[in-house]
Amino acid sequence: MTTPRSVALERLAYTLAAPVLAVAPNLYPDSPVNQVVQLAGAAGIGGWFLAAKSDELGAGRKILRWSPLVLAAAVDVAAGHTTGWGPWWLDGLLAAGWAAAGYLVMPFSRHTRRRHRPAVAAPAPQLAPAEALEESVARPDDGADLLTREARMLWEGAGMPGRTHIVKATRHPGQRNDMTILLRASETGRPITGLSEAAVAAPFGVHSSDVVLAEVAIQPGRQGGPGWMEARITPDANQRRRTKPTAQERWTDRVGGPKGGAPGSELVHKTRDDERGVTFYRAKMADSTDTPRIDLAKVCRALGLPEDDSCVFVLIDGNEFLISAFDTPPLSAIFPATRELLTPDAKGMYVCGFTITGQPVKTMVYQHDKNAPAHGLTLGVSRSGKTQYFAINMAAQSLDGQVVWLSTVRKDEKTTTLGRYIDRQGSNALWMARQLRAAKALCEIRAEMPWPHDGQPHDYKPGDPRCPYRQLNVYADEFMTAAQDGDFGEFIQKDGEDLTVTGLKYGIGFNPAGQSPFAHNGFSTEMKDNLRQNSRPVIFNMGSPGATRKAAEGTMENAYDVPTIPARYSRSEGSAIERAMRGEADPENGVSTGGVAVIVLDNGRAVLMRSLYADFDTDLSELFPDEVNRLTDHEISELEKRGLWFDWNEPVRPGEFWPEPDEDDEGEGRSRRRGGGGGGGGRGSKSGGRRSEQVASPRQALEAIKSLTDA
């Protein structure tokens, strides 16, 4: 058996100190050695006193620990007071006895180690009581079941990771290896620290990713808090989760993680509508104060969906959002317009289209909440569906008993067809200028029209049967182009802006349409703001997704996420990489997005919709009322007095827009008639200024120079 090093050192100290205790007092009475030994003895007596006074356990062990110092001082004092070596060599015998007692008892090396723990790793006989004591703490006999006892054996064999004890192990239903173990700290009142998934996985032979540590809630009859912990060991469930995950598990692992397409989100439920061919993923943020940050392409890859804007859409509502994955592009469907859908309700609302989820989208023919007419703003490039939207909007207004005027820059089949069902329709810039001028004059006429119930004029009130006139809706298609006309553009822009500001008081709504809502294209800031606040702007395809978003944001108070309208809807077929390797052409399966638009609702949220379809190849009389709504006789007579009510297709009348030229200044008069910058009239000078500002080609520059120099 190996002798502990502390024991060997203590024995050596006793052997060397014994001769010093016997010789020093006799040969060197005044030596400092005697003083050191006596001071050590005094310290030992102090240790005795403190040990005897203390109420703690182990006082006898402490007294025995200090005894070698006290006895050494006693031997030194006795040797110093005897004559010579004393009778029968008493000094030497006392020193030898002191050394023999310390050699056998070994108070320091034995009694300073608590619970007699060995000083080296080699097995020693005195370890048995200590092991039994630890085992009794770690493995109490609490009548645990077989699974718990087996788990405890593995746990204790691993050295009680984290200084914890297994209270109970519970098998998961239907699983062979999955279990949950309840842990507590071995020492009462100590929190569990330093316990990791790897430390739990090692005793049970599973991967660390199959272990989840969780806090234990305080329950009646059971403690909780930092001194308790629950470990879920699920190798079987994780194997199934990796191969055949549920929708919730797939979302948690691939979408809601920090690197997922919607970090911090949780899947509420996944539903399938076979009739409509769509799968819905409804999710919410785990923290209700967070705002969803969605990378739609990343979400599609995580869920195994095609990365296709025409079939996958996202709708955000606060901290929740909905992802709709369609089998076929939903907005490629046709929604025929019917009189039932177009008939306004008591609040002036009618269905103008349907969203991707099949929800009806409503717009207004008047503003019930503001007790005023409604303006309209329609944007889009050619063949995007603006005229189709005009048709359903005019039909709804006509069904509500309102008067409709329509002007365009150029004549086409659809606007000519609509002219048969509305009050007036024309197709050039002159006609649009006359239309706006007459509508502006109607504001003055209606401001003086007495109401029959009290004989006094009043502001227009939608739906009031006492109102002596009908609401008038003035449409100006391609307003941007008309506002840049060299002859009548200035009148069109100025009268359109005035009508936008003042028309609502007198039952007149202005509905311009074009390809840009910005000031440099004819829409002044004041005009755009009035249109935005008193309408639901509709933006069709503007030529590119970026232009569409910019136009939509220009009509919104706050730039919410604007949906994308591609040039065509097309499904992604096969692998583009494989087609490139084989040298094959990409499939041509595009579907036109004509009629698809972004409508900005009252709360500033942009919604993607497909507008109702009015088939111009059929009879549109099914959508319009039987009789065309007209102005009252009083309004027409007042317009005739002002020289504003006639056939607006006539050529320009003398003095209608510009002062008549003097006989001796024909050239200058001609210049003013053409909008040049001559000396006659403020309008002519402004028109010339606008023309010079809008030069876009060398030919226009030459014409502008000629008009300025009268060359």
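Note that the structure is a prediction, hence the values are computed from the model and not measured. All residue numbers in this chain count up from 1 along the given sequence.
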Next on the checklist: Run V607 and Q359 through side chain to side chain contact (heavy atoms under 4.5 Å, CB included) and show every step you take.
Outcome noted: CA-CA 11 Å; V607 176; Q359 297 173 264; over 6 Å; no
Item to check | Criterion side chain to side chain contact (heavy atoms under 4.5 Å, CB included) on Q367 and L504, from CA distance to verdict | outcome: CA-CA 10 Å; Q367 302 179 83; L504 296 182; 4.3 Å; yes
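- When every heavy atom of A214 is checked against every heavy atom of R232, the shortest pair comes out as CB-NH1, 3.4 Å.
- Atoms CD1 and CD, on I508 and Q471 in that order, are 9.5 Å from each other to the nearest 0.5 Å.
- Aromatic rings from Y366 and Y460 are positioned such that their centres are separated by 6.0 Å or more.
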Next on the checklist: Run Q425 and L418 through side chain to side chain contact (heavy atoms under 4.5 Å, CB included) and show every step you take.
Outcome noted: CA-CA 8 Å; Q425 181 267 331; L418 289 174; 5.8 Å; no
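- What you find for P263 and P258 is that their closest heavy atoms are CB-O, 4.0 Å.
- No side-chain donor-acceptor contact under 3.5 Å links E478 to the backbone of G514.
- We find the CZ-OG1 distance between R536 and T378 to be 14.0 Å, quoted to the nearest 0.5 Å.
- Relative ring orientation between F280 and F326 is described as perpendicular, the plane-to-plane angle rising above 60° on a 0-90° scale split at 30° and 60°.
- Residues V600 and I539 form a side-chain contact, since some pair of their non-hydrogen atoms from C-beta on lies under 4.5 Å apart.
- The number of heavy-atom neighbours closer than 6.0 Å to CZ of R293, taken from other residues, nucleotides and ligands shown, is 12 or below.
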Output side-chain donor-acceptor pairs under 3.5 Å for residues 313-325, partner residues at least two apart or in another chain, one line each.
residue: E320; atom: OE1; partner: R282; partner atom: NH2; Å: 3.0

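- Of all the heavy atoms in M432 and D477, the pair that sits closest is CE-O, 3.4 Å.
- For the residue pair Y506 and T502, the shortest heavy atom distance occurs at CD1-O, 3.3 Å.
- In this structure a side-chain-to-backbone donor-acceptor pair under 3.5 Å is present from E249 to T246.
- In this structure the side chain of F335 never reaches within 4.5 angstrom of the side chain of L341, judged on heavy atoms.
- The backbone N or O of S398 sits less than 3.5 Å from a side-chain atom of N629, completing a donor-acceptor pair.
- Judged by distance alone, the side chain of K386 and the main-chain N or O of G380 form a donor-acceptor pair under 3.5 Å.
- For the pair W251/K270, no side-chain contact is recorded, criterion being any heavy-atom separation below 4.5 Å from C-beta on.
- A 6.0 Å sphere centred on CD of E622 holds no more than 12 heavy atoms belonging to other residues, nucleotides or ligands.
- The CG atom of L612 sits 10.5 Å away from atom CD1 of I334, with the distance rounded to the nearest 0.5 Å.
- Within the 3.5 Å criterion, the main-chain N or O of Q402 finds no donor-acceptor partner in the side chain of D400.
- Put simply, the side chain of R254 does not reach to within 4.5 Å of the side chain of L303, judged on heavy atoms.
- Here the shortest heavy-atom pairing between Q397 and N511 reads NE2-OD1, 4.4 Å.
- Judged by distance alone, with hydrogens and angles left aside, the side-chain atoms of R446 form a donor-acceptor pair with the main-chain N or O of G507 at under 3.5 Å.
- For E215, the CD atom counts as loosely surrounded, since its 6.0 Å shell holds 12 or fewer non-hydrogen atoms of other residues, nucleotides or ligands.
- In this structure, CG on L499 lies 8.0 Å from CG on L472, to the nearest 0.5 angstrom.
- Annotation for R339: atom CZ counts as buried by contact number, over 12 foreign heavy atoms lying within 6.0 Å.
- Between the side chain of N534 and the main chain of H375, no donor-acceptor pair closer than 3.5 Å is present.
- Counting only distance, with no hydrogens or angles, the side chain of T548 and the backbone of M542 share a donor-acceptor pair below 3.5 Å.
- For CD1 of I577, the number of neighbouring non-hydrogen atoms (other residues, nucleotides, ligands) closer than 6.0 Å is 12 at most.
- Side-chain contact check for V278 versus P330: every heavy-atom pair is 4.5 Å or farther apart.
- Annotation for K284: atom NZ does not count as buried by contact number, only 12 or fewer foreign heavy atoms lying within 6.0 Å.
- Going from atom CH2 of W228 over to atom CD1 of I192 covers 9.0 Å, rounded to the nearest 0.5 Å.
- Checking side-chain atoms of T234 against main-chain N and O of D178 turns up no donor-acceptor pair under 3.5 Å.
- Summarising the geometry of K362 relative to C352, their closest heavy-atom pair is C-SG, 4.3 Å, with the distance given to 0.1 Å.
- Using a 4.5 Å heavy-atom threshold, the side chains of L331 and F354 count as separate.
- Contact check for V211 versus L213: side-chain heavy atoms found under the 4.5 Å cut-off.
- Looking at T279 and R272, their side chains do bring a donor and an acceptor atom within 3.5 Å of each other.
- Ring geometry for Y421 versus F624: interplanar angle under 30°, hence parallel rather than tilted (30 to 60°).
- In this structure a side-chain-to-backbone donor-acceptor pair under 3.5 Å is missing from E197 to V212.
- A distance of 13.5 Å separates CD1 in I233 from CD in Q175, rounded to the nearest 0.5 Å.
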Item to check | Pair M527-F479, side chain to side chain contact (heavy atoms under 4.5 Å, CB included): steps then yes or no | outcome: CA-CA 12 Å; M527 179 179 181; F479 179 80; 3.6 Å; yes
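- With salt bridges taken as basic N to acidic carboxylate O contacts below 4.0 Å, none links D412 and K414.
- With a 4.5 Å cut-off on side-chain heavy atoms, I599 and L601 count as touching.
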